[in-house]
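Below is one structure; the comments refer to it alone.
Quick note on labels: first sequence line is chain A, next is B, and so on, each numbered from 1. Computed from heavy atoms alone, side chains included, the values below leave out hydrogens, waters and symmetry copies.
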2 protein chains.
Amino acid sequence: MDALDTAILRVLALDARATFAQVGEHVSLSAPAVKRRVDRLRERGVIRGFTVRLDPAAMGWQTEAFVELFCQGSTSPATMRSAVEHYPEVVAASTVTGDVDLMVQVRARDMRHLERVVERLAAEPFVARTRSTVVLSALVRRPDVPPAPEG
Amino acid sequence: MDALDTAILRVLALDARATFAQVGEHVSLSAPAVKRRVDRLRERGVIRGFTVRLDPAAMGWQTEAFVELFCQGSTSPATMRSAVEHYPEVVAASTVTGDVDLMVQVRARDMRHLERVVERLAAEPFVARTRSTVVLSALVRRPDVPPAPEG
DNA sequence: TTTGAAACTGGATGGAT
DNA sequence: ATCCATCCAGTTTCAAA
């Protein structure tokens with residue numbers, strides 16, 4: 001993980017389908033050199049994969065919410081994960097500090113759909129109660145990017 | 001946006017660097033046919049771009065938090081956005097329902113870094129106060145995917 | 001209108017240096 | 001890491017369904 005790797009990842013974050021030659025122009029490297037570094041970053045797991053960025057509204061995802069779960073006693077993160085990862089509507093889930101135990105981000109077609117998902121989450125055996133916050137508008141949404149050098 | 005487009009997007013969500021021929025095998029279409037559809041999806045803005053999925057820890061992002069902002073009187077979403085989008089540490093920001101006005105997701109190198117970012121956010125002129133929730137562990141993190149057919 | 005086949009252009013990839 | 005040669009993917013054109 002040197003400055004060149006970071007520079008390559010920065011280019012790929014903006015356009016993951018850029019050719020190795022195009023990436024090479026940005027970082028002053030030949031195409032084969034870029035390829036070798038990308039292959040190595042994949043092997044090491046730094047790169048988890050490549051994906052497409054979609055317009056959620058165009059896809060039919062019109063409603064988004066943060067659903068906070070308060071869990072019974074000491075529910076293990078593994079239990080929480082396996083419960084929550086079966087929902088296709090769950091975009092992200094994290095255990096967090098504070099009174100909430102699990103923060104779940106849900107994407108649904110509409111309010112009716114969201115309501116059903118929240119009801120199903122609330123019915124999970126380890127869930128004591130839920131608190132939902134609906135997203136009004138997504139102001140910023142950025143892809144993964146390597147951190148800037150100390151500042 | 002028909003079933004073929006959706007199928008193509010599903011394949012690209014899993015591997016955005018798949019060749020058009022490979023995508024075509026999954027959806028029973030020739031490479032040129034796939035390319036034409038992908039081009040059209042980009043033109044229409046359904047596809048916003050292609051990006052890389054990174055291991056945040058490997059990148060030096062060790063700390064993540066939800067920072068809720070309570071704003072003065074009626075601050076416009078445009079004001080919130082332009083303030084918040086200048087922070088490289090801000091991964092996402094959304095206006096939300098409830099007592100919180102703006103939900104900001106922040107990624108920082110460490111607690112010290114996170115603290116400074118929260119201080120800067122709190123010092124924004126329109127911010128009355130903040131409430132932060134630190135992520136303990138990210139259980140699920142999924143890329144954008146087209147919704148499943150009604151269920 | 002959208003597809004598949006063919007042809008051409010240019011990128012991916014492995015080996016030599 | 002670059003250069004080069006080979007192979008294969010991207011891209012355009014065209015004819016057909």
| If you pin B:Arg40 and A:Lys35 to their nearest nucleotides in DNA chain C, which one's is more 5'? | B:Arg40

| message | So if I take every side-chain heavy atom of B:Arg37 and compare against C:dT3, C:dG14, C:dA5, which nucleotide ends up nearest? | response | C:dT3

| task | Specify the separation, in whole Å, of atom CG of B:Leu4 and atom C1' of C:dG4. | result | 14 Å

| task | Please state how far atom CZ in B:Arg36 lies from atom P in D:dG10, giving the value in whole angstrom units. | result | 14 Å

| request: Assess whether salt bridge (Lys or Arg N to Asp or Glu O under 4.0 Å) is satisfied between A:Glu89 and A:Arg116, documenting all intermediate values. | output: CA-CA 11 Å; A:Glu89 297 89 352; A:Arg116 274 185 293 133; over 6 Å; no

| Considering only side-chain heavy atoms of A:Leu29, which listed nucleotide, D:dA1, C:dG11, C:dG4, is closest? | D:dA1

| Side chain B:Ser132, main chain B:Val67, donor-acceptor under 3.5 Å | no

| note | Of the listed C:dA12, D:dA9, D:dT11, the closest approach to the B:Pro32 side chain comes from D:dT11

| request: Report the residue (B:Asp39 or A:Ala31) whose heavy-atom-nearest nucleotide on DNA chain D is the more 5′ of the two. | output: A:Ala31

| message | For a quick check of understanding: with a heavy-atom distance under 4.0 Å over all strands, which category does B:Ser30 fall into, base, sugar-phosphate or nothing? | response | base

| Hey, are A:Asp144 and B:Arg107 close enough for a salt bridge, meaning a charged N less than 4.0 Å from a carboxylate O? | yes

| Heavy-atom side-chain contact between A:Val84 and B:Leu139 under 4.5 Å | no

| task | Measure the distance from CZ on B:Phe20 to P on C:dT3 and round it to the nearest whole Å. | result | 14 Å

